[in-house]
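Structure first, then comments.
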There are 2 protein chains.
Amino acid sequence: MATIQDVAKAAGVSAMTVSNVINDHPNVRTATREKVLAAMARLDYRVNVAARNLRKGRTGTIGLAVPEVNGYYGRLATAIIAAAERHGLRVSIEQTGASRENELDVLSMSRNRLYDGLILSTVGMGSADVELLKVDYPVVILGERIFGGPVDHVAMPNVEASHAATRHLIERGCRRIALVCGPLTDEVDVSSLRFTGYRQALLSAGQPQDPELVQSVERLTMRAGALRARQMVENGLDFDGVFCVTDTVAVGVLRGLADAGVPVPERVKVIGFDNIEESEFLVPSLSTIDPDHDMMAQRAVDLLAGRIERSERNGRTEHGADREEFVSSYSVVIRESTGS
Amino acid sequence: MATIQDVAKAAGVSAMTVSNVINDHPNVRTATREKVLAAMARLDYRVNVAARNLRKGRTGTIGLAVPEVNGYYGRLATAIIAAAERHGLRVSIEQTGASRENELDVLSMSRNRLYDGLILSTVGMGSADVELLKVDYPVVILGERIFGGPVDHVAMPNVEASHAATRHLIERGCRRIALVCGPLTDEVDVSSLRFTGYRQALLSAGQPQDPELVQSVERLTMRAGALRARQMVENGLDFDGVFCVTDTVAVGVLRGLADAGVPVPERVKVIGFDNIEESEFLVPSLSTIDPDHDMMAQRAVDLLAGRIERSERNGRTEHGADREEFVSSYSVVIRESTGS
DNA sequence: CTGAAAGCGCTTACAG
DNA sequence: CTGAAAGCGCTTACAG
């Protein structure tokens, strides 16, 4: 593997001049540049990024920590990679498996200067862990659970959008609306926030809040949704609408209702949240909330890139003061499952 | 940011001893080790990975180049990240967008020693590009299109599994089986290979091969599948079975048939390929081919890790001679769409 | 069991 | 427009 020294020798110039050519610095005579380029081609020279990183103190790579690279997070990751590319940044993906421990691990790993910054999708960490976000490199939180922390935050309008989804069911004539959600906690997680929006909508409409209608499943998977929907029908639960806190679990709910012989939307109307790709093509197609994923991704990367630039100029990562909280826009997508 | 020198000074030892502690080398007295660990904790020391990489000549990171991180490739990426972790390797994902150019870009980028090796999912490159795979670092090809190349290769049993899928439809009584596939080429791409399996099955069963039944769409998306299925019915095409070359396009086909009022499986039976997560929960649930993704991922990473180790020992990446070609196993998953 | 020193391959003030 | 040299922060033969 040829080094910059080899090229310098072959071209009859100094290493610095080779470096100048590589980095497109202006002060190189055309003739010199060409000599160097020829030597580089001849020796099949490739810059050693590890050496450059060490010298520059940055790697040009950001970390993206998500629970997994599937479904919703796959879509998000795709958007983030695209946005990072526009900033000339590479993305390295870490899977956290939604565990608090792994999320914290990622935080201390990245400190190793492997990444110039980190986009962390918090699912396991709670607001009690806010202090641990005070690391000495740029971090952007993407998701719920941590608000008012020491770093930039990009989130969805969970409460408002859930309110709108539930209201949509009410407007379609539903009077007994079930909620299928994950475990409800005191934390500001996805399920709890969307539950709040659901409750608010019922309240605004003057509908009674029957605890039996709140169907919490352990994990928001298709399988869990299918199982729970069947149980709801078998147990004789009286309901004519379902707000599912994710499209993924809604796919299962639609399946479970079909298994139980309940026609959607005739007898029960269903709405989800996320607008994953398949929602449009299910039978019946799934009404849902469409948060602006691309904008969230773009924003998260922009914020991080800004932090990286500033911390480079200052030599320090600042905390507190000027942090940003961005909430994306959303729309209600009306399809067959709510009787479009 | 504390360096190893700072720690050495604080602990009253040499940098080398600190290094020995960090890397768990045996020859350190317990008392010394503890002094060093205490100093590390006090200074909040984190190893500088860039420096270590430069010194070691490797990064502990492998590249994974896939068209996108969604659907099928998301699942694969998840499995690969898990497998790499077992080898102590980090994974950096590059999106190629299925273009030949980007795939070639990734090949030359990684040469920059950013990655210790590369898993490349070829979708755009063709067999004409085989020579370009002769790079001086370990590469494993994951996918079709390039067989007999200079590097290890992990593939699916496309022809055999497609044969089995089609035979399943025949056994269910289908006599006019349509194929929904991508563009058919002379290359060994997914569509062409699966088309071959389809044709073989028809041949074995003594069924006529009607070119009208081969429905090639530009891109294998849900939308394209839905549109094409509707057109097939509207155009009065006579068919009682459909083999879709991917589950993704099959989701669309099921939707399109529903739009056209064609009951599945009563009038038309449908089978896909890939066994993506949602296939089980569609209405009707989708019969499909389940290739062993986890095994493919595991195998690809094992092969790459082996190459990395050997090229480290030899200081050279060998080509040709001992390359491996691994074909995964598969099973036919029978569900409602073929009238289970 | 521990240390002094070289060197991995770059980039960048500083000179000229 | 070009060069000599220092230094980024590690690891590792080589000594002792």
Side-chain angles (χ1 to χ4, degrees), chain A residues 1-37 39-40 43-61 109 111-116 136-137 312-313 315, chain B residues 1-37 39-40 43-61 111-116 136-137 311-313 315:
Chain A
M1 200 69 166
T3 72
I4 218 173
Q5 294 292 351
D6 300 333
V7 176
K9 217 163 294 172
V13 299
S14 74
M16 184 203 164
T17 299
V18 177
S19 178
N20 283 340
V21 170
I22 294 170
N23 295 293
D24 273 331
H25 284 219
N27 295 344
V28 183
R29 245 196 319 177
T30 314
T32 314
R33 181 186 310 282
E34 272 160 13
K35 256 195 316 191
V36 172
L37 287 173
M40 281 169 58
L43 299 178
D44 197 24
Y45 171 77
R46 310 281 155 178
V47 70
N48 179 321
V49 180
R52 175 184 284 173
N53 288 346
L54 172 58
R55 181 55 226 236
K56 287 208 162 184
R58 51 168 299 187
T59 62
T61 301
M109 271 197 352
R111 251 171 142 168
N112 304 350
R113 299 225 166 287
L114 235 186
Y115 306 135
D116 295 340
D136 60 350
Y137 60 91
E312 227 148 76
R313 271 203 297 279
Chain B
M1 199 68 166
T3 73
I4 217 171
Q5 295 293 348
D6 301 332
V7 176
K9 216 163 292 172
V13 299
S14 74
M16 183 202 167
T17 299
V18 177
S19 178
N20 283 339
V21 170
I22 294 169
N23 296 291
D24 273 332
H25 284 217
N27 296 344
V28 183
R29 246 196 319 177
T30 313
T32 314
R33 180 187 310 281
E34 271 159 15
K35 257 195 312 188
V36 171
L37 287 173
M40 280 170 58
L43 299 178
D44 197 24
Y45 171 77
R46 311 281 156 178
V47 69
N48 179 320
V49 180
R52 175 184 284 174
N53 288 345
L54 171 58
R55 180 55 226 233
K56 287 207 161 185
R58 50 168 297 188
T59 61
T61 301
R111 249 172 146 166
N112 303 350
R113 299 227 164 288
L114 234 187
Y115 306 135
D116 295 340
D136 60 350
Y137 60 91
S311 77
E312 227 148 74
R313 272 202 298 279

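Letters A, B, ... are given to chains in the order of the sequence lines, protein chains preceding strands, and every chain is numbered from 1.
Here the side chain of A:T17 is nearest to one of C:dC10, D:dT2, C:dG9, namely D:dT2.
One interatomic measurement links the two molecules: CG of B:D6 to C1' of D:dC8, which rounds to 13 Å at whole-angstrom precision. The interatomic distance linking A:K9 (NZ) with C:dG9 (C1') rounds to 13 Å, in whole Å. For the pair B:D24 CG and C:dC1 P, the computed distance is 15 Å after rounding to whole Å. Spacing between atom CD of A:Q5 and atom P of C:dG7 amounts to 13 Å, rounded to whole angstrom units.
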Dot-bracket for DNA chain D, 5' to 3', with Watson-Crick and G-U pairs under 3.5 Å, [ ] for crossing pairs and | for other-strand pairs: what is it?
|||.||||||||.|||

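For the pair A:L54 and B:G12, both in contact range of DNA chain C, the more 5′-proximal nearest nucleotide belongs to B:G12.
Contact annotation: A:T3 side-chain N/O to C:dC8 OP1/OP2 distance is not under 4.0 Å.
Crowding of B:K9 atom NZ: a count of heavy atoms from other residues, nucleotides or ligands under 6.0 Å not exceeding 12.
Residues B:L43 and B:A10 approach most closely at CD1-CB, 4.0 Å, considering heavy atoms. Nearest heavy atom pair, residue A:I4 against residue A:Y45, reads N-CE1, 3.6 Å. For the pair A:V47 and A:R52, the tightest heavy-atom approach, listed with the atom from each and the gap, is CG2-NH2, 3.4 Å.
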Return the polar atom pairs (N/O with N/O) between nucleotides 12-14 of chain C and the protein under 3.5 Å, or none.
{"unit_1": "C:dT12", "atom_1": "O4'", "unit_2": "A:R55", "atom_2": "NH2", "d": "3.1"}

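When side chains are defined from C-beta on, A:T3 does not count as touching A:N48, because their heavy atoms never get closer than 4.5 Å.
Taking B:T61 as the reference, nothing meets the side-chain hydrogen bond (donor to acceptor under 3.5 Å, both in side chains) condition, with sequence neighbours excluded. Applying the side-chain hydrogen bond (donor to acceptor under 3.5 Å, both in side chains) criterion to A:T32, with sequence neighbours excluded, gives no partner residue.
Scanning residues 26-36 of chain A for heavy-atom distances under 4.0 Å to DNA chain D yields A:N27, A:V28, A:R29, A:T32.
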Would you tabulate the side-chain donor-acceptor contacts of residues 12-29 of chain A under 3.5 Å, counting partners in other chains and residues two or more places apart, or write 'none'?
{"unit_1": "A:S14", "atom_1": "OG", "unit_2": "A:M16", "atom_2": "N", "d": "3.3"}
{"unit_1": "A:S14", "atom_1": "OG", "unit_2": "A:T17", "atom_2": "N", "d": "3.3"}
{"unit_1": "A:S14", "atom_1": "OG", "unit_2": "A:T17", "atom_2": "OG1", "d": "3.3"}
{"unit_1": "A:S19", "atom_1": "OG", "unit_2": "A:N23", "atom_2": "ND2", "d": "3.3"}
{"unit_1": "A:N23", "atom_1": "ND2", "unit_2": "A:S19", "atom_2": "O", "d": "2.8"}

